[in-house]
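Notes to accompany the following structure.
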Amino acid sequence: MPELPEVETVRRGIEAQVVGRRITRVEVGRERTVRRTSRQALIDGLTGATLTAAHRRGKYLLCPLDTGDELMVHLRMSGRLMVADANTERPPHTHVVLHLEGDPRQELWFVDPRTFGEMVVFDPTNIAVEMPELARMGVDPITDGLTRAQLAALLRSRHRQLKALLLDQHVIAGIGNIYCDETLHLARVRHDRSSDSLTGPEITRLHAAILSVLEAAIEAGGSTLADTQYVDIEGQGGWFQVHHKVYDRAGQRCLTCGKADIQRVMVAGRSTCFCPRCQR
DNA sequence: AAACAAACCTGTGCGC
DNA sequence: TGCGCACAGGTTTGTT
């Protein structure tokens with residue numbers, strides 16, 4: 001579910017509501033959520049600790065602790081982080097609960113029906129061994145800043161379907177299926193173009209589209225789809241979905257040209273929506 | 001190197 | 001109403 005804008009919205013919520021509050025107790029239900037280490041490792045790593053900051057790289061949430069360790073959270077497809085008053089009824093699939101110091105007493109919940117998400121406390125001085133994928137992560141368009149020249153180099157040094165490249169977290173980190181399709185539409189480029197075939201003007205449009213789609217989606221608090229699965233840390237949905245031009249609009253008239261219908265095909269194993277008239 | 005399928009899980013929506 | 005199947009915001013692994 002969550003892509004860069006949704007994770008960024010969650011990060012801001014963690015920064016505002018959780019950073020600086022000591023964790024007094026930790027509960028871990030499903031061990032699968034902490035599979036990288038163990039239930040006991042997460043409990044030992046977080047009990048008595050305080051998050052000192054909340055960072056994001058791609059879809060990874062990274063929170064340094066006052067112990068010197070670092071907390072990593074990845075929401076994958078269906079993960080959610082929520083802050084709620086203690087003694088509130090927890091939703092189904094609440095796998096981890098962090099009890100936070102303060103008045104009123106509150107809890108941070110990790111809720112994840114499909115259990116693809118994970119939480120882990122790791123030692124940042126040993127990052128290459130404990131979190132190897134972080135070292136291999138591509139440039140984050142927002143956190144790192146992505147220049148047009150950088151993008152041009154990434155595109156031209158490979159011969160890959162554009163959509164597959166944009167979704168590859170080792171190349172560019174943070175774009176998922178929704179924002180990929182929306183970005184390609186705004187840039188007026190087809191998903192099945194080869195990355196090294198883009199002209200200068202097309203690269204310029206793609207670069208601008210990546211940044212403007214992600215920034216607008218962050219501004220809107222992300223996208224909450226019909227299943228209302230994605231919500232921010234206070235349980236509020238985002239509203240960028242009202243600006244979707246192609247995602248989940250197969251068969252409907254294109255909002256940009258008003259003349260063609262949005263088509264849906266499978267690309268790189270993902271459903272892909274595009275306008276055959278606007279995108280070339 | 002790149003494309004593709006399958007795997008990891010659970011829930012929902014659709015056609016019959 | 002009930003059943004079975006396809007599919008879902010992500011990522012890794014293994015195979016062509």
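Chain A is the first sequence line, chain B the second, and so forth, proteins listed ahead of strands; every chain is numbered from 1. Values below: all heavy atoms of this structure, side chains included; hydrogens, waters and symmetry mates excluded.
As judged by a 4.0 angstrom heavy-atom cut-off over every strand, A:Arg30 is placed among residues touching the sugar-phosphate backbone only. A:Gly176 comes within 4.0 angstrom of sugar-phosphate atoms only, judged by non-hydrogen atoms across all strands, and of no base. No engagement by A:Arg35 is indicated, since no non-hydrogen atom pair under 4.0 Å with the nucleic acid exists. Within the nucleic acid shown, A:Phe240 has no heavy atom closer than 4.0 Å to any nucleic acid atom.
Rounded to whole Å, the separation between the P atoms of B:dA6 and C:dA6 comes to 12 Å. Comparing the same atom, P, in C:dA8 and in B:dA5 gives a spacing of 14 Å after rounding to whole Å.
In this structure, the NZ atom of A:Lys59 is 8 Å from the C1' atom of C:dT11, given to the nearest Å. Taking atom CD of residue A:Glu118 and atom P of nucleotide C:dT11, one finds them 11 Å apart after rounding to whole Å. As a whole-Å value, the separation of A:Arg136 CZ from C:dG10 P is 18 Å. Residue A:Arg76 contributes atom CZ, which lies 18 Å from atom P of C:dA8 at whole-angstrom precision. As rounded to whole Å, 10 Å separates atom P of C:dG10 from atom OH of A:Tyr179. Between A:Asp112 atom CG and C:dA8 atom P there is a gap of 18 Å when expressed in whole angstrom units. Per the geometry, CG belonging to A:Asp181 stands 15 Å off C1' belonging to C:dG10, to the nearest Å. For the pair A:Phe116 CZ and C:dT13 P, the computed distance is 15 Å after rounding to whole Å.
For A:His243, the NE2 atom is densely surrounded, since the number of other residues' heavy atoms within 6.0 Å is greater than 12.
No hydrogens or angles considered: nothing links the side chains of A:Asp112 and A:His93 as a donor-acceptor pair under 3.5 Å. A side-chain donor from one of A:Glu107 and A:Trp109 sits under 3.5 Å from a side-chain acceptor of the other.
A salt bridge links A:Glu8 with A:Arg11; the closest basic N to acidic carboxylate O contact falls under 4.0 Å.
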Can you give each donor-acceptor pair under 3.5 Å made by side-chain atoms of residues 256-270 of chain A, sequence neighbours left out, with the distance rounded to 0.1 Å?
unit_1   : atom_1 : unit_2   : atom_2 : d
A:Thr256 : OG1    : A:His185 : NE2    : 2.6
A:Asp261 : OD1    : A:Arg253 : NE     : 2.9

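Rounding to the nearest 0.5 Å gives a distance of 10.5 Å between CD of A:Glu215 and CG of A:Leu4. With rounding to the nearest 0.5 Å, the separation of CZ in A:Arg249 from NE2 in A:His244 is 11.0 Å. We find the CG-CD1 distance between A:Leu225 and A:Ile178 to be 4.5 Å, quoted to the nearest 0.5 Å.
Here chain A contacts DNA chain B (any atom closer than 4.0 Å to a heavy atom, that is under 4.0 Å), and the contacts span B:dA2 to B:dG11 from 5' to 3'.
In this structure, the side chain of A:Thr24 does not engage the main chain of A:Glu101 through any donor-acceptor pair within 3.5 Å. A donor-acceptor contact shorter than 3.5 Å is absent between the side chain of A:Asp232 and the backbone of A:Thr9.
Put simply, A:His170 has no side-chain N or O that comes within less than 4.0 Å of OP1 or OP2 on C:dT11. Using a 4.0 Å cut-off, some side-chain N or O of A:Ser271 falls inside it from OP1 or OP2 of C:dA8.
Stem analysis of DNA chain C (at least three stacked-register Watson-Crick or G-U pairs, each with both distances under 3.5 Å) gives B:2-8 with C:10-16, B:10-16 with C:2-8.
Heavy-atom distances to DNA chain B give each of A:Thr115 and A:Ala164 a nearest nucleotide, and the one nearer the 5′ end belongs to A:Ala164.
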